[in-house]
Enquirer: 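I am attaching a structure below and will ask some questions about it afterwards.
Per chain, numbering begins at 1; letters A, B, ... match sequence-line order. Note: hydrogens, waters and symmetry copies are ignored here, and every other heavy atom, side chains too, is used.
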Amino acid sequence: MDLQSFIFEQKPTRKQLLDYKAVTEKNFKVCVYRNHSFELVENTISAYLDYAGIGVDFIYSDYDDSLTFLSIPDDADMLILWLDISRYKNDNVADFINARLEYLSEIFTKPVLFVPFGGNVKTENKQAVVYSMEDIQSQLADKMTDLRMEPFTGTKMSASAVSMAARQLGLVYIPALLMPALKAVVVDLDNTLYKGVLGEDGIDGIELTKGHKRLQEKLHQLSQQGYFICVASKNDERDVVEMFEKRTDFPLRKDDLSKLCVSWESKASSIGEIAGYLNIGVDSILFIDDNYGEINAVQSQHPSVHTIRAYDDAELTLKVLDNFPRMRKFIEQKEDSLRKNDIIANEKRRALKEALSGDEYIKSLGMKLTYSINCMENASRVAELANKTNQFIFCYKRYTLPEIEEMMKSEKSCVISVSLSDNLSESGIIGVCCAKLNDDTVEVEECFVSCRALGRGLDECIVLGAIGLACKKLGTAKVRIGFTKGERNLPAEKFLIKNFGTADSVHSGMFSYTMPEELVEITVKEN
Amino acid sequence: MEERIYELVADILGKDIEELKSMADEKGLWDSLKRVEIMFALEEEFDIVFEADEIVYMDTMNKILETIGKKAD
């Protein structure tokens, strides 16, 4: 079944959604903690979760207004707090719910999605992402509730409200909290970014329809948010460059683009080139093209790439993009906006590296490393990096924010976050070491480094420097370093073999490392 | 219309249509959630809205047919 067509073109009825049978294996467990019924949502969510490539086993709590949070399954990957606020009659309901959310943070460290119905509850809780269903309320108004069915459904939500909630949860919220966000959008040009064919209609002949304008505005916005926006087009590159210069009515500007792949090569090879240039996996890329054949060809060579088939009516393409799974970030990180400039700066670094010797190259860049020990304001970025890094990561421990905060607070553990900048760009936090004191040994539980920071001649300094500081903080040089071989962490494995002679699952020994302060400016900060 | 109603309900309950027809006067064929899905499906299919007391009343197939028949008239 063509799910893009089923979900976005056909506007499926409740019955059609009910009849849809999930095909994705249930690979996640989601606990639904509730005081009203969620089952009607689950009944119609499968198509949306399949579109997101996720299979979910929903585990239900009893109906619990008191929010005791007893018997939350240990192995739940996330928790949905599904609350009918109208059931609470006291004035202090917001205080009560916030207090329970604080308690929940102490006993459950995975992502929490709080979905209040029938009232708004403001929360500062860092673990909980709130979906207030205001979008549904503004569309349905008083049709959001249906009291006729409440005795049977166990909820005041109407059929329409439940269906819309299923769509938002299945397409946007659940994928965003269970999987890392996508990193790049690669767009075709002709009949995707505008109406017409550049090579035939010319720069002035291609049409920026209202829908295409809105689509370009969205892509511009995504670029500002730190997504890589790239072009893969079969066209003449000079025409494309001239088009971006002359069409000043285009909301998407050349400066928004991280990479232009304009040639007569296959789009599949362009996607590969873009992934290599950005140093990301193709499974982090969303490819948008109006041509079925191009999409099929790309998917056959890169089965894990995500795709949107663009429509003549670009408003519909925009609708798909707006609701595409894993294209929404609920916590913006400073590093998101730095990422694009960092990639551009990488080109200049490559040129310098070719021209200079190793040490000269490092010195020429004026690199600065800042090691922050247990810096709570970095916790959010540390948790994000823990869940996004796939290549340079020792053990694939996907820490949650509460877990990072806990390690930062404890005297028997520490989190060293490493920030990098040079004369060309500021990269923000790019590396982390998480260590725990176990008797007289520092257990290096995890190390991970963003791939865009690797290969600048500082890999050892970033990782070994962080481990050294962890040893100093925890008071012993005796270390054990864990390693778990995965599908993609070969760079981490090679690093361990190079520096420790082995990538056995656990390396033990006495650790020492001297920071190369003659090459790099080093700053150590501690909370 | 009758055939379509049986088709929808049989589909939701996972039963054979003929089997369902043979149980037209039987109560207890569905639990409360299945009842709701049946009501939603019938409202969507026939573009009708059931009153609260009608929903309570329709606890057998024959009563569903009777209620929808009256609404169609």
Enquirer: Can you tell me if CG on A:Asp75 sees more than 12 non-hydrogen neighbours from other groups inside 6.0 Å?
Expert: yes
Enquirer: NZ of A:Lys143: more than 12 outside heavy atoms within 6.0 angstrom?
Expert: no
Enquirer: Count the heavy atoms of every other residue, nucleotide or ligand shown that sit under 6.0 Å from CD of A:Gln10, and state whether that count exceeds 12.
Expert: yes
Enquirer: For A:Asp64, I'd like to know if atom CG has over 12 heavy atoms of other residues, nucleotides or ligands within 6.0 Å.
Expert: yes
Enquirer: Within a 6.0 Å radius of atom CG on A:Asp91, are there more than 12 heavy atoms belonging to other residues, nucleotides or ligands?
Expert: no
Enquirer: Can you pull out the residues in residues 11-29 of chain B with any heavy atom less than 4.5 Å from chain A?
Expert: B:Asp11, B:Ile12
Enquirer: Which pairs pass ring pair (Phe, Tyr, Trp, His ring centres under 6.0 Å) with one or both residues in residues 130-174 of chain A, sequence neighbours excluded?
Expert: A:Tyr131-A:Tyr173, A:Tyr173-A:Phe330
Enquirer: Tell me the residues of residues 30-50 of chain B whose non-hydrogen atoms fall below 4.5 Å from those of chain A, in number order.
Expert: B:Ser32, B:Leu33, B:Arg35, B:Val36, B:Glu37, B:Met39, B:Phe40, B:Ala41, B:Glu43, B:Glu44, B:Val49, B:Phe50
Enquirer: Can you measure from CE (A:Met149) to CD1 (B:Ile55) and round to the nearest 0.5 angstrom?
Expert: 4.0 Å
Enquirer: Does anything in residues 153-160 of chain A get under 4.5 Å of chain B by heavy atoms, and if so which residues?
Expert: A:Thr153, A:Ala159
Enquirer: Tell me whether A:Arg100 at atom CZ has more than 12 heavy atoms from other residues, nucleotides or ligands lying less than 6.0 Å away.
Expert: yes
Enquirer: Answer yes or no: are there more than 12 heavy-atom neighbours, outside A:Asp2 itself, under 6.0 Å from its atom CG?
Expert: yes
